[in-house]
Amino acid sequence: MKKDNNLLDYVPRIPEKLNWTEDDEHRVTVDVENKGVFNRIAQKCFGCPVVSHIALEQFGSFIWKQIDGVHTIYDIALLVKEEFGEDAEPLYDRLLAYFRTLQGHGFVTLTPSDKDTKREASK
């Protein structure tokens with residue numbers, strides 16, 4: 001029987017090559033280098049930037065700062081619920097969509113938590 005993977009049990013990590021900063025209002029800005037042939041053409045022909053600066057809003061900034069390679073997405077959900085209360089609802093749907101987007105753009109990697117790995121090893 002195939003085990004279903006629950007995304008809430010995964011641990012997000014920010015790749016070391018990704019640069020980000022935090023301003024005085026605790027908002028995070030992620031710096032993304034625009035690489036590749038099409039980006040180079042756009043930079044030369046249309047004056048597109050070599051580095052894009054992606055400013056995260058309040059929820060995104062809070063979540064980003066919780067990503068430390070230790071907390072699971074479920075743990076982060078509890079912290080978001082504690083910080084924002086009802087304003088975070090629908091919490092799990094929003095959080096899972098957010099992490100899928102971050103992963104799709106290469107802003108985070110998701111790995112199974114240690115407790116999940118230990119569960120697998122004991123089988």
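Small disclaimer: the values here were computed from a predicted structure and weren't measured.
Within the hydrophobic cluster formed by Ile, Leu, Val, Met, Phe, Trp and Tyr side chains joined at under 4.5 Å, directly or through other members, Val37 is accompanied by Ile41.
When all heavy atoms of Pro15 and Gly106 are compared, the closest pair comes out as CG-O, 3.6 Å. For Phe99 against Ile76, the heavy-atom pair with the smallest separation is CZ-CD1, 4.0 Å. Across all non-hydrogen atoms, the minimal contact from Ala77 to Tyr92 is CB-CE2, 3.6 Å. Closest approach of Leu95 to Ile73, counting heavy atoms only: CD2-O, 3.7 Å. Among all heavy-atom pairs drawn from Asn34 and Pro49, the shortest one is ND2-O, 2.9 Å.
For Asn39, there are no side-chain hydrogen bond (donor to acceptor under 3.5 Å, both in side chains) partners, not counting sequence neighbours. Listed by chain and number, the residues in a salt bridge (Lys or Arg N to Asp or Glu O under 4.0 Å) with Glu33 amount to none (sequence neighbours excluded).
No side-chain donor-acceptor contact under 3.5 Å links Arg13 to the backbone of Thr109. Judged purely by atom type and a 3.5 angstrom limit, Lys65 uses its side chain to pair as donor or acceptor with the backbone of His26.
Classification of the Trp20-Trp64 ring pair by plane angle, with boundaries at 30° and 60°, yields perpendicular.
Side-chain contact between Leu18 and Val108 is absent, with no heavy-atom pair separated by less than 4.5 Å. A heavy-atom distance below 4.5 Å is not found between the side chains of Arg27 and Thr29. Within the 4.5 Å cutoff, side-chain heavy atoms of Leu79 are placed close to those of His71. Residues Ser113 and Tyr10 form no side-chain contact, since every pair of their non-hydrogen atoms from C-beta on lies 4.5 Å or further apart. No side-chain heavy atom of Val51 sits less than 4.5 Å from a side-chain heavy atom of Asn19. Between His105 and Arg100, every side-chain heavy-atom pair lies at or beyond the 4.5 Å cut-off. With a 4.5 Å cut-off on side-chain heavy atoms, Thr101 and Tyr98 do not count as touching.
Atom CD of Glu25 is surrounded by 12 or fewer heavy atoms from other residues, nucleotides or ligands within 6.0 Å.
Leu78 and Val11 fall into different hydrophobic clusters, defined by Ile, Leu, Val, Met, Phe, Trp and Tyr side-chain heavy atoms under 4.5 Å apart, directly or through other members.
A distance of 10.5 Å separates CG of Asn6 from OH of Tyr74, quoted to the nearest 0.5 Å. From Leu8, atom CG reaches atom CG of Leu96 across 5.0 Å, with rounding to the nearest 0.5 Å. Distance CD1/Ile63 to CD/Glu83: 11.0 Å, rounded to 0.5 Å.
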Notebook entry, point to check: Does the pair Arg94 and Glu89 meet the rule for a salt bridge (charged side-chain N to carboxylate O under 4.0 Å, His left out), with working shown?
Noted result: CA-CA 8 Å; Arg94 290 175 73 185; Glu89 296 299 336; over 6 Å; no
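For an aromatic pair to be called close, the ring centres must be under 6.0 Å apart, and Phe84 with Phe62 satisfies this.
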